[in-house]
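Have a look at the structure below before the remarks.
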Number of protein chains: 2
Amino acid sequence: MHKYEKIRLELTRRINSQAWPVGASIPHEDELAAEFGVARGTIRQALSSLVDAGYLEKKRRAGTRVAYPKDHASTLRISLVREQVEQGGHTYGYRLLKDSIEDGIRRVLCLHLRDDAPYQLEDREISLSGIPSAAAADFSQISPNEWLLQQQPYSRVQTTLQASAPNRNDRKHLELPRDEPVFLVLRETFLEEVWLTRVRLSHPASSYSVQMERAFD
Amino acid sequence: MHKYEKIRLELTRRINSQAWPVGASIPHEDELAAEFGVARGTIRQALSSLVDAGYLEKKRRAGTRVAYPKDHASTLRISLVREQVEQGGHTYGYRLLKDSIEDGIRRVLCLHLRDDAPYQLEDREISLSGIPSAAAADFSQISPNEWLLQQQPYSRVQTTLQASAPNRNDRKHLELPRDEPVFLVLRETFLEEVWLTRVRLSHPASSYSVQMERAFD
DNA sequence: AAGTGGTCTAGACCACTAG
DNA sequence: TAGTGGTCTAGACCACTTT
């Protein structure tokens with residue numbers, strides 16, 4: 001275990017035990033460096049992860065305080081559908097439903113299956129001016145989701161999570177039980193302010209959830 | 001603008017322009033330091049934020065590569081209900097609905113209002129052994145949500161996001177339009193493996209969404 | 001005005017791991 | 001096993017912001 005890890009452990013102990021209660025100032029970086037017998041840079045490394053996690057708040061001149069736990073950050077990673085499914089030990093399946101080009105936009109509707117049951121309906125729009133190679137892509141075997149990841153990167157991505165009543169396509173393709181809503185993931189990506197793609201991912205509410213965890217021990 | 005910011009800008013430019021295409025190795029840290037005429041530490045600082053955002057992947061001995069954009073991280077911050085409401089320029093309201101103690105657990109049901117309309121139903125359980133002072137807390141004016149933040153910190157928090165059909169309490173208190181589902185935030189917190197509190201937050205789907213953004217320009 | 005955290009340097013050695 | 005990123009040091013100066 002590295003020095004900064006040991007120090008971080010000791011600092012979290014002081015916070016959790018309320019030796020340093022919420023709202024209190026903690027010693028300056030120089031003092032901590034002297035106390036632990038390390039360089040200031042090492043202290044800063046130990047502090048930085050605690051700041052990132054929302055345990056501490058730093059302000060110039062005012063020093064470092066134990067943060068009120070109100071605005072903690074949770075990191076969310078939404079990975080490839082196929083990987084989501086296969087990670088759980090399930091079988092992944094894919095079916096292309098519709099595919100058309102209109103007004104310089106390629107629009108694709110497809111279904112991702114888990115153990116042969118509908119898991120995610122992907123309603124995708126791709127800008128052909130933003131991603132010219134998308135005009136010739138074959139989505140009969142590979143989903144747009146997966147194909148796009150092999151392409152150029154994006155500089156901005158906006159994600160919205162919502163609950164919703166199913167729309168017509170959802171009802172048609174997701175085999176929803178009666179009164180079952182859908183969980184929506186809406187995402188739009190840009191490269192330097194040029195719009196690339198937009199997607200609406202809908203999931204049967206009972207078989208989809210997003211989980212996050214923040215831990216520090 | 002600091003040196004590491006200028007460098008980061010130039011690096012993102014090379015990635016976005018595909019001068020360094022997805023999957024390719026980029027120069028070693030020492031080479032970059034020489035190229036930009038800075039210390040290696042400064043290069044590392046510039047790289048670290050790009051690694052955190054998922055733009056780059058580092059491996060010992062193998063070097064640094066431009067990451068496939070598949071597993072990008074989005075940071076989600078769910079703040080105080082009251083702040084969520086007031087930030088949007090709305091009026092916040094609060095109403096306590098039920099409050100009981102059973103088996104060492106205090107259970108509170110309360111409603112958060114936005115412009116006098118139901119916004120979030122909070123169904124909360126607090127461990128009195130984990131947080132003894134919760135036995136005497138007055139939740140008639142301050143919500144458990146808000147009260148808990150003034151208390152001790154937690155070391156682990158688990159959050160789940162879900163869509164769902166409303167349960168009985170949701171239907172009773174959220175004034176849901178016909179066929180409207182709810183967006184659920186389920187959260188549980190621990191301090192060193194001691195269970196502290198669990199909450200079910202339900203929102204009318206049409207008036208609630210979670211938004212995230214990852215940007216790098 | 002002064003003290004805090006923020007940036008930066010120029011080194012050194014370590015630890016992991018791909019070839 | 002050699003080369004990469006990871007850790008660490010002991011300094012220096014800067015910039016913000018509270019008092």
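Computed over heavy atoms, backbone and side chain alike; hydrogens, waters and symmetry mates excluded. To find a chain, count down the sequence lines: A is the first, B the second, and so on, and within it residues start at 1.
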Boundaries of the chain B footprint along DNA chain D (any atom under 4.0 Å from a heavy atom): D:dA2 to D:dT7

Geometric class of the B:F183/B:Y208 ring pair [parallel <30°, tilted 30-60°, perpendicular >60°]: tilted

Plane angle bin for A:Y94 and A:H112 - parallel if under 30°, tilted between 30 and 60°, otherwise perpendicular: tilted

A:Y68 side chain to A:E57 side chain, donor-acceptor N/O pair below 3.5 angstrom: no

5' priority, DNA chain D, between A:R61 and A:R40 [closest heavy atom]: A:R40

A:K3 or B:H28, whichever maps to the more 5' nucleotide of DNA chain D: B:H28

C:dG19: pairing nucleotide in any strand, Watson-Crick or G-U under 3.5 angstrom: none

A:D99/A:R106 ion pair, N-O < 4.0 Å: yes

Salt bridge A:E31-A:R40, side-chain N to carboxylate O under 4.0 Å: no

5' priority, DNA chain C, between A:H2 and B:I43 [closest heavy atom]: B:I43

Name of the residue among A:K6, A:R14, A:R8 meeting side chain to side chain donor-acceptor pair (under 3.5 Å) with A:E10: A:R14

Between C:dC16 (C1') and B:K58 (NZ): distance, integer Å: 14 Å

